[in-house]
**Student:** 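Got a structure for you, questions after.
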Amino acid sequence: MRNYIIILISILTAITFSCSNKDSGEIKPIKGTITESVYASGIIKAEDQYTVLSSVSGVLQNTKVVVGQSITIGQPLFQIDSDKASLTTENARLAYQLSQENSRYIQDKISEMETKVQTAKDKLALDQSVYNRNKNIKQYNVISEVEYEKVELAYKNSKSNYESALKQLSQLKIQLQNDQSRNNNNLKISEKSQGDYSIKSAFTGTLFDILVKDGTLITPQTPLAIIGKKNAYLLELDIDENDMVRVTIGQKVVVTLDSYKGKVFEAIVDKIYPIMNERSRTFKIEAHFVDAPTKLYPNLTAEANIIIQIKKEVLTIPKSYLLDENFVLVNKDEKRKVKIGLSDYQNVEILEGLQANESIYRPK
């Protein structure tokens, strides 16, 4: 059952109501303070608390840490059997070395092709010069049409051969670059995959729990451990979707913990997650303690009231004296409509329809 925090019931309220006619349930409204609040429940979490997961599958070979240990970012936590990954990396390294050998062969082919390109370029320059010279004298009928066509064809063939040699040279260079890049990337990917078998911490903090044992088959969905900041805690609370629109950052939160029965702590809303959990129909918020308890642990349960607004010196009656939500009984059995305002767990504000000196009666 929800453990609501009764904030607004003063000693004066208790005395006034208790001195009323107990047999008839007769009381009079009183003036007091009333606070509108939104109920929330949740847990204590360490700041930056997260569950350690693996990105690969395998058998857990060795746990390198113990519960309660201080952890630094990048520190190895678990080692998963990586024999298969080691073989894959070694194969990738051999393929890379082989590609280096092949690249030397391609380099030789490139040098040979560069020589061919230069030879084709020189021949093109010569044939182009002959073609241009014969083209200029052709109008004077110094050269026959057949001879001119031979010169022109030789020039065109030289140009085609030069362009073809350039294209082959370019293809060889691209092939060399692609082979080196591909095999180098494969080696890096294999080395990175092998590194994934050593699971490291993403943050600096405290190791709160280890959730697996050596020899366990691990998958990327297997929770391995829980890590969070040491001695830094926050409240993670769930709020019903019907109340969420009234919650804003900076609002005061009054908190009770089962671990500190009879004590009330103050916190402040400092983060709102703007998406609803479809399963529970709730929103998640975070709040930080203004004055935190002396000792806290992750996953302690908490209940809270988020203060929406406070009104002082208002006319109030107990909620139990309302009939059909907006009626009260006067003259013992006469129903009278009233206009209500704020309400808390026990009392409700009366805005219109009832005076402070009028008696009302508890509904049967």
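Basis for what follows: all heavy atoms, side chains included, without hydrogens, waters or symmetry-related copies.
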**Student:** What is the distance from atom CD of E36 to atom NZ of K311, rounded to the nearest 0.5 Å?
**Tutor:** 9.5 Å
**Student:** If every non-hydrogen atom of A154 is compared with every non-hydrogen atom of D127, which pair is closest and at what distance?
**Tutor:** O-OD2, 3.4 Å
**Student:** Can you tell me how far apart NZ (K339) and NZ (K337) are? Round to the nearest 0.5 Å.
**Tutor:** 10.5 Å
**Student:** Minimum heavy-atom separation for V348 to P318, with atom names?
**Tutor:** CG1-O, 4.5 Å
**Student:** Parallel, tilted or perpendicular for Y131 and Y155, by the 30°/60° rule?
**Tutor:** parallel
**Student:** Step by step, would you call F283 with I272 a side-chain contact (heavy atoms from CB on, under 4.5 Å)?
**Tutor:** CA-CA 8 Å; F283 284 83; I272 297 174; 5.7 Å; no
**Student:** Verify, without hydrogens or angle tests, whether Q251 (side chain) and R246 (backbone) share a donor-acceptor contact under 3.5 angstrom.
**Tutor:** yes
**Student:** Are the side chain of T204 and the backbone N or O of I73 linked by a donor-acceptor pair below 3.5 Å?
**Tutor:** yes
**Student:** Take Y260 and L300 through the test side-chain contact (heavy atoms from CB on, under 4.5 Å) and record every step on the way to the result.
**Tutor:** CA-CA 11 Å; Y260 289 88; L300 289 178; 5.5 Å; no
**Student:** Short question: side chain of E147, backbone of S144 - any donor-acceptor pair under 3.5 Å?
**Tutor:** no
**Student:** Count I, L, V, M, F, W, Y as connected when their side-chain heavy atoms are under 4.5 Å apart, and connections chain through other members. Are L237 and M276 then in the same cluster?
**Tutor:** yes
**Student:** Apply side-chain hydrogen bond (donor to acceptor under 3.5 Å, both in side chains) to the pair T316 and N347, showing each step before the final yes or no.
**Tutor:** CA-CA 6 Å; T316 66; N347 298 329; 4.8 Å; no
**Student:** Enter the distance from Q61:CD to D81:CG here, rounded to the nearest 0.5 Å.
**Tutor:** 5.0 Å
**Student:** With rounding to the nearest 0.5 Å, note down the distance linking CD in E114 to CG in L166.
**Tutor:** 10.5 Å
**Student:** Are the side chain of D240 and the backbone N or O of N242 linked by a donor-acceptor pair below 3.5 Å?
**Tutor:** yes
**Student:** How far does CE of M244 sit from CD1 of I285, to the nearest 0.5 angstrom?
**Tutor:** 6.5 Å
**Student:** Treating Ile, Leu, Val, Met, Phe, Trp and Tyr as nodes and any side-chain heavy-atom pair under 4.5 angstrom as an edge, say whether V130 and Y148 lie in one connected cluster.
**Tutor:** yes
**Student:** Examine distances only and state if a side-chain atom of Q49 and a backbone atom of G228 form a donor-acceptor pair shorter than 3.5 Å.
**Tutor:** no
**Student:** Does T63 offer a backbone N or O that forms a donor-acceptor pair with the side chain of D214 under 3.5 Å?
**Tutor:** yes
**Student:** Return the minimal non-hydrogen interatomic distance between Y233 and P298, and the atom names on each side.
**Tutor:** CE2-CD, 3.8 Å
**Student:** Do I44 and Y273 sit in the same hydrophobic cluster, where Ile, Leu, Val, Met, Phe, Trp and Tyr count as joined when their side-chain heavy atoms come under 4.5 Å apart?
**Tutor:** no
**Student:** Without swapping roles, check the side chain of T72 against the backbone of Q75 for a donor-acceptor pair under 3.5 Å.
**Tutor:** no
**Student:** Where is the tightest heavy-atom contact between V212 and L60, given as atom of each residue plus distance?
**Tutor:** CG2-CD2, 3.6 Å
**Student:** How far apart are the C-alpha atoms of I227 and S201, what are their side-chain angles, what is the distance that settles it, and do they pass the side-chain contact (heavy atoms from CB on, under 4.5 Å) test?
**Tutor:** CA-CA 8 Å; I227 293 177; S201 175; 3.8 Å; yes
**Student:** Using 0.5 Å steps for rounding, measure from the CG atom of L315 to the NZ atom of K31.
**Tutor:** 7.0 Å
**Student:** Which of these, I199, V59, N62, sits in a side-chain contact (heavy atoms from CB on, under 4.5 Å) with I80?
**Tutor:** I199
**Student:** In sequence, state the C-alpha distance, the side-chain angles, and the governing distance for E163 and K167, and then conclude on salt bridge (charged side-chain N to carboxylate O under 4.0 Å, His left out).
**Tutor:** CA-CA 6 Å; E163 291 174 349; K167 187 175 180 180; over 6 Å; no
**Student:** Honestly curious: do V255 and V269 fall in one hydrophobic cluster under the side-chain, below-4.5 Å linking rule?
**Tutor:** yes
**Student:** Within a 6.0 Å radius of atom CG on N136, are there more than 12 heavy atoms belonging to other residues, nucleotides or ligands?
**Tutor:** yes
**Student:** Are V67 and Y50 connected in a single hydrophobic cluster, I mean Ile/Leu/Val/Met/Phe/Trp/Tyr linked by side-chain heavy atoms less than 4.5 Å apart?
**Tutor:** yes
**Student:** Check step by step if side-chain hydrogen bond (donor to acceptor under 3.5 Å, both in side chains) holds for T282 and N277.
**Tutor:** CA-CA 5 Å; T282 60; N277 184 314; 5.3 Å; no
**Student:** Restricting to non-hydrogen atoms, name the atom on V253 and the atom on A287 that form the minimum distance, rounded to 0.1 Å.
**Tutor:** CG2-CB, 4.4 Å
**Student:** Just do the side-chain contact (heavy atoms from CB on, under 4.5 Å) check on K335 and L329 with the steps written out, would you?
**Tutor:** CA-CA 5 Å; K335 287 178 65 175; L329 290 179; 3.8 Å; yes
**Student:** Taking all atoms of both residues into account, what is the closest heavy-atom pair of K200 and L77, and its distance?
**Tutor:** C-CD1, 4.0 Å
**Student:** Flag the pair T51 / I226 as yes when at least one side-chain heavy-atom distance between them is below 4.5 Å, and no otherwise.
**Tutor:** yes
